[in-house]
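In what follows, chains carry the letters A, B, and so on, assigned in the order in which the sequence lines appear, proteins first and then strands, with residues in each chain numbered from 1. Quantities reported herein were computed from a predicted structural model and do not represent experimental measurements.
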Protein chains: 2
Amino acid sequence: MLFPMSRNPEEPVYNRIEEARAALGLSRQDLADKAGVHYQTIGYLEREEYSPSLVLAIRIAKSLNQEVSDLFSLSPFKKGK
Amino acid sequence: MLFPMSRNPEEPVYNRIEEARAALGLSRQDLADKAGVHYQTIGYLEREEYSPSLVLAIRIAKSLNQEVSDLFSLSPFKKGK
DNA sequence: GCCTAATGTTGCATTAATACTACATAGCAT
DNA sequence: ATGCTATGTAGTATTAATGCAACATTAGGC
């Protein structure tokens, strides 16, 4: 299995896209449409198979009514919130 | 002249890296070292020739003691601050 | 003047991020 | 059971983001 995110091998980006999306009752396709990307791209991000571009991160945050720093972090999120 | 940022042709990312860096008295090389990238990369970003990955944006913001949203924006910054 | 540091410019190589297609699977209706 | 929706998995193709090297330019200090 090939495996991206290797230009920054030890610095993945964690995110809370799935939780925030579920909280709004959106499907991946819904979110992808709002953010203007392919729905598979949302899947890759939620599974943290790679980390987004800054433009995309901003668009997703906006689509989910969140701050970029609340959605994405270099350190893992605590569960619950 | 070839020209990136064309996958999102009408959505560039504006930034205040140069101002924030100058305010700390850092050279591009200094900032590049702190952020762990090539010094030319900082130049490209300051000239807004392309927009960074999210990881890099976070690292740069951290190196400059700024919030990502204070450094980068989809809409142009007012001058002065 | 010369030297150095900081920045700009150009060009090339590599790769991660993204788009897209196809198929599998699981759940939930009806 | 059949259908539909959401999601996962796998593969290919394109390109923007990054690294890097070489050289030009500009500003300051001596």
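At a threshold of 4.0 Å, the pair B/E46-B/R21 counts as salt-bridged, since one of the basic side-chain nitrogens sits closer than that to a carboxylate oxygen.
Following rounding to the nearest Å, B/D30 (CG) and C/dA5 (P) show an atom-to-atom distance of 12 Å. Atom CZ in A/R59 sits about 9 Å away from atom P in C/dT18, given to the nearest Å. The separation between A/D33 atom CG and C/dA19 atom P is 11 Å, rounded to whole Å. The separation between A/Q29 atom CD and C/dT21 atom P is 12 Å, rounded to whole Å. Look at CD1 on B/I42: it is 17 Å from P on C/dT9, rounded to the nearest Å. Distance A/E18 CD to D/dT7 C1': 10 Å, rounded to the nearest Å. Distance CD1 (B/I60) to C1' (D/dA17): 12 Å, rounded to an integer number of Å.
The side chain of A/S51 places an N or O atom within less than 4.0 Å of a non-bridging phosphate oxygen (OP1 or OP2) of C/dA17. Under 4.0 angstrom from either OP1 or OP2 of D/dT18 there lies at least one side-chain N or O belonging to B/S53. Put simply, A/T41 has a side-chain N or O that comes within less than 4.0 Å of OP1 or OP2 on C/dA19. Under 4.0 angstrom from either OP1 or OP2 of D/dA6 there lies no side-chain N or O belonging to A/R21.
Across D/dA6, C/dT18, D/dA17, the shortest atom-to-atom separation from the side chain of A/S27 is found for D/dA6. Closest to the side chain of A/P52, from the set D/dT18, C/dA6, C/dT18, is C/dT18.
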Indicate for each nucleotide in nucleotides 20-30 of chain D, in 5' to 3' sequence, whether protein heavy atoms under 4.0 Å reach the base (B), only the sugar-phosphate (S), or nothing (-). BBB--------

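Separation of the B/Y44 and B/Y50 ring centroids falls under the 6.0 Å cut-off.
Checked against salt bridge (charged side-chain N to carboxylate O under 4.0 Å, His left out), B/E19 has the following partners two or more places apart in sequence or in another chain: B/R16.
Between B/Y39 and B/S27, every side-chain heavy-atom pair lies at or beyond the 4.5 Å cut-off.
The CG atom of B/L56 sits 12.0 Å away from the OG atom of A/S53 when rounded to the nearest 0.5 Å. How far CD1 of A/I60 is from CG of A/L45: 5.0 Å, rounded to the nearest 0.5 Å.
The minimum heavy-atom distance linking B/S63 with B/L31 is given by the pair CB-CD1, 3.7 Å.
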